[in-house]
Amino acid sequence: MRSDWIIEAKNLKKYYGNFCAVGGISFDIAAGETFAILGENGAGKSTTMRMIACRSPISEGNLTVNGYTVGADDRKIRSVLGVVPQENNLDPDLNVLENLIVYSRYFRIPYEAALERSRKLLDFIRLSEKAKAKVDSLSGGMKRRLVIARALIHEPSILLLDEPTTGLDPNVRQEIWEKIDDLRSERKITVVLSTHYMDEAEKLSGRLIVLANGKIAATGHPAELIRSRVGKFALEVREAKGVPLANVDHSITAVSRGSLHIYFGENTDELAKLMPQYGSRPMILRPSNLEDVFLGVIAS
Ligand SMILES: Nc1ncnc2c1ncn2[C@@H]1O[C@H](COP(=O)(O)OP(=O)(O)OP(=O)(O)O)[C@@H](O)[C@H]1O
Ligand SMILES: [Mg+2]
């Protein structure tokens with residue numbers, strides 16, 4: 001048992017009526033860690049994040065944040081949490097700066113301090129020039145950055161990001177990842193993010209859980225999961241419909257998905273030996289990645 005756990009969930013459950021959206025999950029997150037919750041649509045990521053944020057009551061189990069119990073000490077928890085919900089919920093009637101100032105009132109931050117923090121945050125997310133712009137005139141990436149800035153207005157020690165970069169173009173995603181990295185390294189903020197992008201989880205997170213139908217299907221460090229679940233390398237063959245999977249010994253795992261065949265192994269020479277039987281079909285020998293783990297977990 002580590003003493004620096006900042007979020008502890010034990011047998012956490014959420015029912016919507018009779019429907020079980022989160023079915024008894026347990027995990028711990030350490031202070032200063034970046035922790036990812038992965039899963040397909042409907043896996044229970046947002047429900048879990050909303051329970052941590054005290055925005056959706058837990059049905060069963062135990063959940064503590066910073067030593068406080070969710071359901072009993074919600075005000076205290078909210079004061080240390082910054083929350084970026086899946087949908088941008090900015091106020092369209094207010095300009096960029098006003099969105100930050102008005103939000104700061106929930107935390108009773110005096111106006112002068114709120115103004116100073118807002119200006120610094122706009123600088124941090126490089127939106128100072130848009131301070132007076134209406135929210136509707138911002139691009140998708142700018143709105144997302146503004147919601148992140150808003151979540152930081154009360155200087156939280158934990159930041160919850162529900163799909164921070166979904167729907168954004170690769171450059172903007174990269175930029176948001178850099179900001180998240182800065183928050184972790186410079187301000188030592190604990191970051192909990194949900195995503196269905198494997199590259200995002202691999203780039204940002206120390207540890208992660210994969211949710212499938214409200215249960216934890218896998219947990220660990222990305223590199224560790226890749227090593228233990230799929231092996232170091234993958235031979236991927238496309239347009240292989242109708243071709244039987246090759247007979248392989250126990251050192252190689254063979255998987256077929258539609259017209260795709262994938263072989264996982266520790267040794268590139270062994271995998272390369274399988275290539276001739278596919279003739280001129282498109283194929284690639286590459287390092288395994290988290291996506292391979294994810295597809296395996298979801299399929300199993
Ligand atoms: N308010 C609600 N009432 C009833 N069912 C809900 C509610 N919110 C979520 N659900 C259901 O709970 C399950 C988990 O939903 P959740 O939003 O947590 O998934 P998610 O992993 O965040 O998915 P996505 O990647 O699409 O955001 C889904 O089946 C969803 O339909
Ligand atoms: Mg969601």
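First listed ligand is number 1; within each ligand, the first listed atom is number 1.
Ligand 1 lies under 4.0 Å from heavy atoms of Tyr16, Phe19, Ala21, Glu40, Asn41, Gly42, Ala43, Gly44, Lys45, Ser46, Thr47, Arg50, Gln86, Glu163, His196.
Side chains of Leu183 and Phe124 form a contact here, defined as non-hydrogen atoms less than 4.5 Å apart. The closest side-chain heavy-atom distance from Leu63 to Ile7 is below 4.5 Å.
Partners of Arg117 according to the side-chain hydrogen bond (donor to acceptor under 3.5 Å, both in side chains) rule, which considers only residues two or more places apart in sequence or in another chain, do not exist here.
In terms of hydrophobic clustering, with Ile, Leu, Val, Met, Phe, Trp and Tyr side chains grouped at heavy-atom distances under 4.5 Å, Ile52 and Phe35 are assigned to a common cluster. Grouping the Ile, Leu, Val, Met, Phe, Trp and Tyr side chains by contacts below 4.5 angstrom, directly or via other members, places Ile77 with Ile29.
Arg150 forms a cation-pi arrangement with Tyr103, by the criterion of a distance under 6.0 Å to the ring centre and an angle within 45° of the ring axis. Taking the centre and axis of the six-membered ring of Tyr197, the NZ or CZ atom of Arg173 falls inside the cone set by 45° and 6.0 Å.
Sorted by chain and number, the protein atoms of type N, O or S within less than 2.8 Å of the Mg ion (ligand 2) are Ser46 OG, Gln86 OE1.
The nearest pair of heavy atoms linking Leu271 to Ala234 is CD1-N, 4.2 Å.
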Determine all donor-acceptor pairs shorter than 3.5 Å in which one atom belongs to a side chain in residues 127-138; sequence neighbours excluded.
| residue | atom | partner | partner atom | Å |
| --- | --- | --- | --- | --- |
| Ser128 | OG | Asp123 | N | 3.4 |
| Lys134 | NZ | Asp93 | O | 3.2 |
| Ser137 | OG | Lys134 | O | 2.7 |

